[in-house]
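Quick caveat, the model's predicted, so the values are computed rather than measured.
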Amino acid sequence: MKTELNISDMHLDVLKEIGNIGAAHAATSLSELLQRKIDMHVPKVALVSFDDMFELAGGSENVVVGIFLRIEGDLSGSMFFVLPIDSANRFIRRLIGDPQFDFSTPESIGEIGVSAMQELGNILSGSYLSALSDFTGLKIFPTVPSLSVDMVGAIVSFGLIEVSHYSDEVIVIDTKIVEEDENDQSVDGHFFLLPDPPSYITIFKSLGVM
């Protein structure tokens with residue numbers, strides 16, 4: 001039986017604040033990694049339907065680079081970070097010094113490129129989960145991230161299997177990444193946070209908003 005999550009604007013504002021703290025930590029780490037100034041912030045956190053989630057990422061058939069990990073410890077759930085292929089290519093080319101690297105051509109994706117993208121996923125997801133842990137006092141452990149280059153629907157469907165038994169909604173954390181010296185061009189990625197249903201209550205009780 002599916003249940004109403006009863007997540008209010010106040011809950012989402014708290015998650016946005018946590019997201020911006022995590023984004024600031026991630027920006028510092030990325031700046032050191034890429035040897036240039038990176039700014040990150042979370043312009044919006046929303047609770048959306050599965051269909052709307054796919055549309056935010058360009059449609060369920062849009063091919064993206066996706067990072068998936070499980071959340072373990074006092075919370076359980078799934079987290080995805082999806083990034084347009086062009087944006088992912090730019091990051092990885094600069095990081096590994098290979099201008100020919102291209103996620104859209106499988107033969108050019110070597111072990112170094114995959115490792116670099118996984119490290120990017122580690123930094124982004126780890127910074128957010130660390131901020132969430134600091135705010136809640138909960139012990140939260142991300143698993144090693146896995147990388148996929150596929151349609152959004154195929155990447156995210158695995159994480160929807162468990163939560164779809166209880167709800168038709170997911171928390172979306174928009175993430176804007178701006179690189180200095182790139183004409184302030186921004187990269188818009190999306191975190192899809194899918195706590196297993198009991199973990200919603202754990203999160204908001206720990207934050208004192210339930």
Side-chain angles (χ1 to χ4, degrees), residues 19-20 22-44 53-71 78-131 142-160 172-194:
N20 275 312
H25 292 320
T28 299
S29 297
L30 285 177
S31 295
E32 293 173 356
L33 196 64
L34 296 172
Q35 295 297 300
R36 66 173 59 222
K37 183 173 174 54
I38 302 290
D39 288 321
M40 287 181 62
H41 67 280
V42 174
K44 183 180 179 182
M53 175 186 65
F54 291 135
E55 288 308 309
L56 284 171
S60 61
E61 295 184 356
N62 184 40
V63 177
V64 296
V65 177
I67 295 287
F68 166 76
L69 57 89
R70 284 287 297 173
I71 303 167
S78 301
M79 176 177 268
F80 297 86
F81 181 67
V82 297
L83 200 61
I85 283 182
D86 287 348
S87 300
N89 282 342
R90 192 162 73 245
F91 273 118
I92 302 307
R93 286 169 184 167
R94 183 167 296 130
L95 191 57
I96 67 176
D98 180 2
Q100 303 303 315
F101 182 90
D102 190 347
F103 276 111
S104 62
T105 54
E107 61 272 13
S108 76
I109 304 176
E111 188 174 324
I112 294 177
V114 171
S115 295
M117 192 66 206
Q118 286 177 321
E119 180 60 21
L120 177 62
N122 265 330
I123 290 171
L124 296 175
S125 59
S127 296
Y128 181 80
L129 293 177
S130 177
T143 62
V144 176
S146 60
L147 172 70
S148 297
V149 181
D150 205 337
M151 293 184 294
V152 174
I155 290 174
V156 179
S157 60
F158 175 77
L160 297 182
V172 177
I173 305 163
D174 291 338
T175 304
K176 188 176 289 289
I177 306 170
V178 181
E179 293 182 77
E180 191 181 60
D181 300 331
E182 287 292 320
N183 300 317
D184 291 332
Q185 181 179 2
S186 67
V187 172
D188 296 322
H190 302 282
F191 274 112
F192 299 143
L193 180 61
L194 292 78

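Across Pro145 and Ile67, no two heavy atoms sit closer than the pair CB-CG2, 3.5 Å. Closest non-hydrogen pair, Ala23 versus Val42, comes out as CB-CG2, 4.3 Å. Between Arg93 and Pro99, the closest heavy-atom pair is NE-O, 3.5 Å. Nearest heavy-atom pair, Val172 versus His190, reported as atom, atom and distance to 0.1 Å: CG1-ND1, 4.2 Å. Across Ser31 and Ile38, no two heavy atoms sit closer than the pair OG-N, 2.9 Å. The two residues Phe54 and Gly153 come nearest to each other via the heavy atoms CE2-CA, 3.7 Å.
You'll find the side chain of Leu69 reaches within 4.5 Å of the side chain of Leu129, heavy atoms only. Using a 4.5 Å cut-off on side-chain heavy atoms (C-beta onward), Ile155 and Phe68 make no contact. Side-chain contact between Ser78 and Phe192 is absent, with no heavy atoms from C-beta onward closer than 4.5 Å. Side-chain contact between Ile112 and Phe101 is absent, with no heavy atoms from C-beta onward closer than 4.5 Å. When side chains are defined from C-beta on, Tyr128 does not count as touching Thr175, because their heavy atoms never get closer than 4.5 Å. Looking only at side-chain heavy atoms (C-beta outward), Asp102 and Gln100 stay at 4.5 Å or farther from each other. Under the 4.5 Å side-chain criterion, counting only non-hydrogen atoms from C-beta, Asn122 is in contact with Glu119. Using a 4.5 Å heavy-atom threshold, the side chains of Leu30 and Leu120 count as touching.
If you take CD1 on Ile173 and OG on Ser125, they are separated by 11.0 Å, rounding to the nearest 0.5 Å. Note: Met117 CE to Ile92 CD1 = 5.5 Å, rounded to the nearest 0.5 Å. The line from OG of Ser104 to CG of Asn89 is 6.0 Å long, rounded to the nearest 0.5 Å. Taking CD1 of Ile177 as the reference point, atom CZ of Arg90 lies at 9.5 Å (rounded to 0.5 Å). Between atom CD1 of residue Ile123 and atom CE of residue Met40 there is a gap of 9.5 Å, rounded to the nearest 0.5 Å.
A distance-only check finds a donor-acceptor pair linking the side chain of Thr143 to the backbone of Arg70 [under 3.5 Å].
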TODO: Verify side chain to side chain contact (heavy atoms under 4.5 Å, CB included) between Val63 and Val149, making sure each step is shown before the conclusion.
DONE: CA-CA 7 Å; Val63 177; Val149 181; 4.2 Å; yes
| said: If you apply the rule side chain to side chain contact (heavy atoms under 4.5 Å, CB included), what do you find for Phe103 with Leu83, and how did you get there? | reply: CA-CA 11 Å; Phe103 276 111; Leu83 200 61; over 6 Å; no
